[in-house]
Amino acid sequence: MNYSKKVDEKWQKRWEESKLFKYDPNGEGKKLYVLEMFSYPSGARLHLGHWFNYAPSDSFARFKKMQGYNVFHPMGFDAFGLPAENYAIKTGIHPETSTNNNISNMKKQLTEMGGNYDWDYSVETCRPEYYKWTQWIFLQLYKAGLAYKKEAPVNWCDSCKTVLANEQVINGKCERCGSEVRKKKLAQWFFKITDYADELLKDLDILDWPESTKKVQTNWIGRSEGSEIVFKGYEKDFSLKVFTTRADTLNGVTYVVIAPESELVDKITTPEYKEAVDKYRDDTAKLNEIERTAVNKEKTGVFTGSYVINPINGDKVPVWIADYVLENYGTGAVMAVPAHDERDFEFATKHKLPIKEVIKPENGEKAELPYTQKGILFNSGKYDGLKLEDARLKITEDLAKIDEAKLTVNYKLKDWLISRQRYWGAPIPIIYCDKCGIVPVPEKDLPVLLPKDVEFRPDGESPLKKSESFMNCTCPKCGGKARREADTLDTFVCSSWYYLRYPDPKNSEKAFDREVVDKMLPVDIYVGGKEHAAMHLIYARFMCKALRDLGFLDFDEPFTKLIHQGMILGPDGNKMSKSKGNTVSPETYIEKYGSDIFRMYIMFGFDYRQGGPWDEKGIDSMVKYFTRIEKLIDTSNSLKENNYTEINNNEKELLRIKNQTIKEMTIDINDYRFNTAIARSMEFSNALNDYLKNDKINVSLFKDCVRTYVTLITPLAPHFSEELWEKLGNKGFAYQEKWPEVNDDELKGGTKNIPIQVNGKLKFLVTVDSETSNDEILKEIKANSKVQELLNSENFVKEIYVPGKIFNIVIKK
RNA sequence: GCAGAUAUGGCGGAACUGGUAGACGCACAGGACUUAAAAUCCUGCGGUAGCGAUACCGUCCCGGUCCGAUUCCGGGUAUCUGCACCA
């Protein structure tokens, strides 16, 4: 085989010299914005996951370019984030240094992969030229009331004196020192994504996204319709509001539970219960939300000593605190109906609280508790006999008259917490002044630069707090002494708008030009892992909608079509990780085989959407394929023109396969089905080889087919194809060739088999000319002697003919 | 726990809206070439029985709908993925 990494280098150099991938916004063809989720430069190298995302998608972009689209296919780096900071803490190397190194390495490797990126359109989120505009966007949302500050719990390690990411909390313990992690409240910034909950839900309908991902988002948004009901304190002056989807069971309430963190707890806990309540709250602070709400977890809780009055019947019910109630969902308080709710039932049984039934099955049978199905009311006074759904509305309606309830819609979606007590991120552009309070940094003063000489090792403070030169500033309003916000922005903020910056990445006046963005966006095809289904993909949608409402752009959704590539697992079938020692480095393969063999194998060996365990044996199959192709090209070049120019059956068959290949490869690549596209290309190359076995060869036809063949594999094996293209004596780049079109006349011809079934089981085939009309096919089938025998059988019941597809004879058994 | 997905030969994977299951490859076996090997080329290749035409079984398991089910429905098993401060 002649192909090797040398060939890659030769063509990468030529592409570079001729500026082949230069993007021209005014270029010919319909615009097509093809985007892969940009990469996080956490390591110095592209790993297999990057390759699996980027290489096939690059082939897709190349294919679209050959089809005549004006393809915009940029690449950049999501460069802020925790791993660079952790790496810095471990090694002392500044995050900027390691990030810069990683970016330049990864850029080089993306070029070695053969990516057709125009690096003039690129973003790196850690650069002041970029994060200036991230900060600017924060200010726009702040002005619009979409950014606000409130207290929220964080994971806190007392021994390291630092905030921990969920990822850094292992089984409730600090990843670094192993001591217990507890929840601590800090004042933090939020984006009001909940304002967009309904639209984010509704617009999923118009998106060409995988249904599973839409479902993840639907659940993440978690819309539920219910009622808010007020319970007043019993002989005490307080009230609490509960959210319930089951107002129909209000008469069955036997206690009320509030979240342990609720501010109400201190107010209502009576002295004799104080000690128990305080202890319980401390214990709860150690758990995370998943642990707390796990259904199999034992239902713990304690009584506060206070009671409230059930507004529907005046019952006096006790108020408990329990960790299965979350402060930030609904109202942070629930009414407990043990007879008709699994969790309440378990809790009541454990803590010996009364259970009162109010719903029974419509057939009147005695139900096993807890009964959570549909039914009719009893033990509910004037509501007895009502159906569950009617009762829910009626009860809420009646209570609404005396201001004690209303119908509400509740969302699981919480506002987006964007504050991070971290160093390596974009500073939040806010100033605190003793006189003026919270003051946004004036836009003209952006960017608020991230200081470089900061002690980022954790010692109990946000890293930026330790930089006096950063923290001290003057208030833009009154000119007095002021302090800066020490927290940085969640890196998801950076990545929520990067696709808007790509088309206009050097604009120093604006985040992006509205006209440019409206023309280029939305992204036509967005490719990335499904682990982003909930967070990044919701944040980006929110940001797009928020910026639209603020008048900065004019479309509703950022990504029209979404595709998730699968994941390549280690050879052992587990997720690749350094700790498991099952990682696979692409580089050794590239060195040994060249980029295209590796690309082709990646595309051929796996279902793109599914991935699978790595198996390097398959690479050799690609080596064989490349060898066969080179041989085919050599043979073609060695053939001398002759005077056989007829188109007989053999030629017709070759042309039919050629057009069939064009047709199917076009469909397959268009749908990211690279494995079958390559299989089709193999069939074509097999057909070309088979044709050479004939006595008479139409050389010019054959050579033309070989040319077509090379253009068909050009997007898939870009370097190799250029080499073949040149070998065939062509000038210019194969990349600039037009993607072949199907010739419908040449597609015709040949024969096809019609399966003859008996009771749905294949018995034999009837071969017909593929141009035969469906009616004619039926005649031919019926003329078949074996078919006639079956039709005339005494057990014959009926025949089923699916025109042009299948003939089934039903025989009595 | 909640949510989402997947399951097809020895292996990776095909099969459009229910219509020839296993395309295309890998591995394997036999043959050709070779002093020999590698490479290459040709042939075979889901299982069982049969010399054979062929028959029966077969798409995770159980059941259903249908002339016909890998595909649709109900129930189950196993594996993978995500769960808001990892990106």
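Protein chains get the first letters and strands the later ones, always in sequence-line order, with residue 1 at the start of each.
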Which nucleotide in [options] has an atom nearest any side-chain atom of [X]:
X: Lys215(A); options: C67(B), U40(B), G4(B); answer: G4(B)
X: Asn219(A); options: A3(B), C67(B), A15(B); answer: A3(B)
X: Ala679(A); options: G82(B), G19(B), A23(B); answer: A23(B)
X: Arg673(A); options: G13(B), A15(B), C67(B); answer: A15(B)
X: Lys805(A); options: A23(B), G19(B), A84(B); answer: G19(B)

field: Under the ring-ring contact (aromatic ring centres under 6.0 Å, His included) test, residues paired with Tyr87(A) that sit two or more places apart
entry: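 Counting only residues at least two positions away or on another chain, Tyr87(A) forms no ring-ring contact (aromatic ring centres under 6.0 Å, His included).
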field: For Tyr691(A), all residues meeting ring-ring contact (aromatic ring centres under 6.0 Å, His included), sequence neighbours excluded
entry: none
If you measure from [atom1] on [X] to [atom2] on [Y], what distance do you get to the nearest 0.5 Å?
X: Gln565(A); Y: Gln610(A); atom1: CD; atom2: CD; answer: 13.0 Å
X: Leu450(A); Y: Leu464(A); atom1: CG; atom2: CG; answer: 6.0 Å
X: Ile428(A); Y: Gln188(A); atom1: CD1; atom2: CD; answer: 8.5 Å

Using the [atom1] atom on both, measure [N] against [M] and round to a whole Å.
N: G47(B); M: G9(B); atom1: P; result: 12 Å
N: A15(B); M: U8(B); atom1: C1'; result: 10 Å
N: U71(B); M: C2(B); atom1: C1'; result: 29 Å
N: A69(B); M: U59(B); atom1: C1'; result: 10 Å
N: G22(B); M: C11(B); atom1: C1'; result: 13 Å
N: G30(B); M: G75(B); atom1: C1'; result: 48 Å
N: U6(B); M: U54(B); atom1: P; result: 38 Å
N: G10(B); M: G64(B); atom1: C1'; result: 34 Å

- request: Give a yes/no answer on whether the side chain of Asn808(A) brings an N or O atom under 4.0 Å of OP1 or OP2 in G19(B).
  value: no
message: For a quick test of reading the model: is some side-chain N or O of Lys530(A) closer than 4.0 Å to OP1 or OP2 of C80(B)?
response: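 No.
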- prompt: Out of Trp614(A), Tyr589(A), Phe52(A), which residue meets the ring-ring contact (aromatic ring centres under 6.0 Å, His included) rule with Tyr601(A)?
  reply: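 With Tyr601(A) as partner, Trp614(A), Tyr589(A), Phe52(A) yield a single ring-ring contact (aromatic ring centres under 6.0 Å, His included), made by Trp614(A).
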query: Pick from Tyr131(A), Tyr498(A), Phe492(A): which one makes a ring-ring contact (aromatic ring centres under 6.0 Å, His included) with Phe80(A)?
result: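 With Phe80(A) as partner, Tyr131(A), Tyr498(A), Phe492(A) yield a single ring-ring contact (aromatic ring centres under 6.0 Å, His included), made by Tyr131(A).
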Trp424(A) and Asn86(A): CA distance, side-chain angles, deciding distance, side chain to side chain contact (heavy atoms under 4.5 Å, CB included) verdict: CA-CA 10 Å; Trp424(A) 192 233; Asn86(A) 284 342; over 6 Å; no
message: Trp156(A) vs Asp158(A), test: side chain to side chain donor-acceptor pair (under 3.5 Å). Steps then yes/no.
response: CA-CA 6 Å; Trp156(A) 181 262; Asp158(A) 274 319; 3.2 Å; yes
I'd like a list of close polar pairs between nucleotides 25-27 of chain B and the protein, N/O only, cut-off under 3.5 Å.
from, atom 1, to, atom 2, distance (Å)
G25(B), OP1, Asn686(A), ND2, 2.5
A27(B), OP2, Lys624(A), NZ, 3.3

Check nucleotides 85-87 of chain B against the protein and report each pair of N or O atoms closer than 3.5 Å, with its distance, or say if there are none.
from, atom 1, to, atom 2, distance (Å)
C85(B), OP2, Arg420(A), NH2, 2.9
C85(B), O4', Arg420(A), NE, 2.9
C85(B), O4', Arg420(A), NH2, 3.3
C85(B), O3', Asn166(A), N, 3.2
C85(B), O2', Leu164(A), O, 3.2
C85(B), O2', Asn166(A), N, 2.6
C85(B), N3, Gln421(A), OE1, 3.2
C85(B), N4, Gln188(A), OE1, 2.8
C85(B), N4, Gln188(A), NE2, 3.4
C85(B), N4, Gln421(A), OE1, 2.7
C86(B), OP2, Asn166(A), N, 3.3
C86(B), OP2, Glu167(A), N, 2.7
C86(B), O4', Glu167(A), OE1, 3.0
C86(B), O4', Glu167(A), OE2, 3.4
A87(B), OP1, Leu82(A), N, 3.1
A87(B), O5', Thr491(A), OG1, 3.2
A87(B), O3', Asp78(A), OD2, 2.2

Without decimals, in angstroms, what is the distance between [X] [atom1] and [N] [atom2]?
X: Lys786(A); N: U54(B); atom1: NZ; atom2: C1'; result: 11 Å
X: Asp607(A); N: G22(B); atom1: CG; atom2: P; result: 20 Å
X: Glu664(A); N: C24(B); atom1: CD; atom2: C1'; result: 12 Å
X: Ile538(A); N: C83(B); atom1: CD1; atom2: C1'; result: 12 Å
X: Met665(A); N: C16(B); atom1: CE; atom2: C1'; result: 18 Å
X: Tyr608(A); N: G13(B); atom1: OH; atom2: P; result: 15 Å

query: Does the gap between the ring centers of Trp416(A) and Tyr196(A) come in under 6.0 Å?
result: no
Sugar-phosphate, base or nothing in reach of [X], heavy atoms under 4.0 Å:
X: Glu799(A); result: nothing
X: Lys575(A); result: sugar-phosphate
X: Lys412(A); result: base
X: Gly49(A); result: nothing
X: Ile754(A); result: nothing

- request: Confirm from the modelled atom types if Gln610(A) and G13(B) form a donor-acceptor pair under 3.5 Å, side chain to base only.
  value: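 No pair found.
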task: Counting Watson-Crick and G-U wobble pairs whose two distances are both under 3.5 Å, find the runs of 3 or more in a row that involve RNA chain B.
output: B:1-7 with B:77-83, B:10-12 with B:24-26, B:28-32 with B:40-44, B:46-49 with B:54-57, B:60-64 with B:72-76
All side-chain contact (heavy atoms from CB on, under 4.5 Å) counterparts of Asp769(A), not counting sequence neighbours: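 Listed in chain order: Glu771(A), Thr772(A).
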- line: When Gly605(A) and Val758(A) are each assigned the nearest nucleotide of RNA chain B, the 5'-most assignment goes to Gly605(A)
query: Cationic tip of Lys812(A) within the cone over Phe796(A)'s six-membered ring, i.e. under 6.0 Å and within 45° of the normal?
result: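 No.
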message: I want to check a possible cation-pi pair here: Lys412(A) against Tyr329(A), using under 6.0 Å from ring centre and within 45° of the ring axis as the test.
response: no
message: Does G9(B) count as syn, meaning its glycosidic angle lies within 90° of 0, or as anti?
response: syn
- prompt: Does a side-chain N-to-carboxylate-O contact under 4.0 Å join Lys592(A) and Glu616(A)?
  reply: no
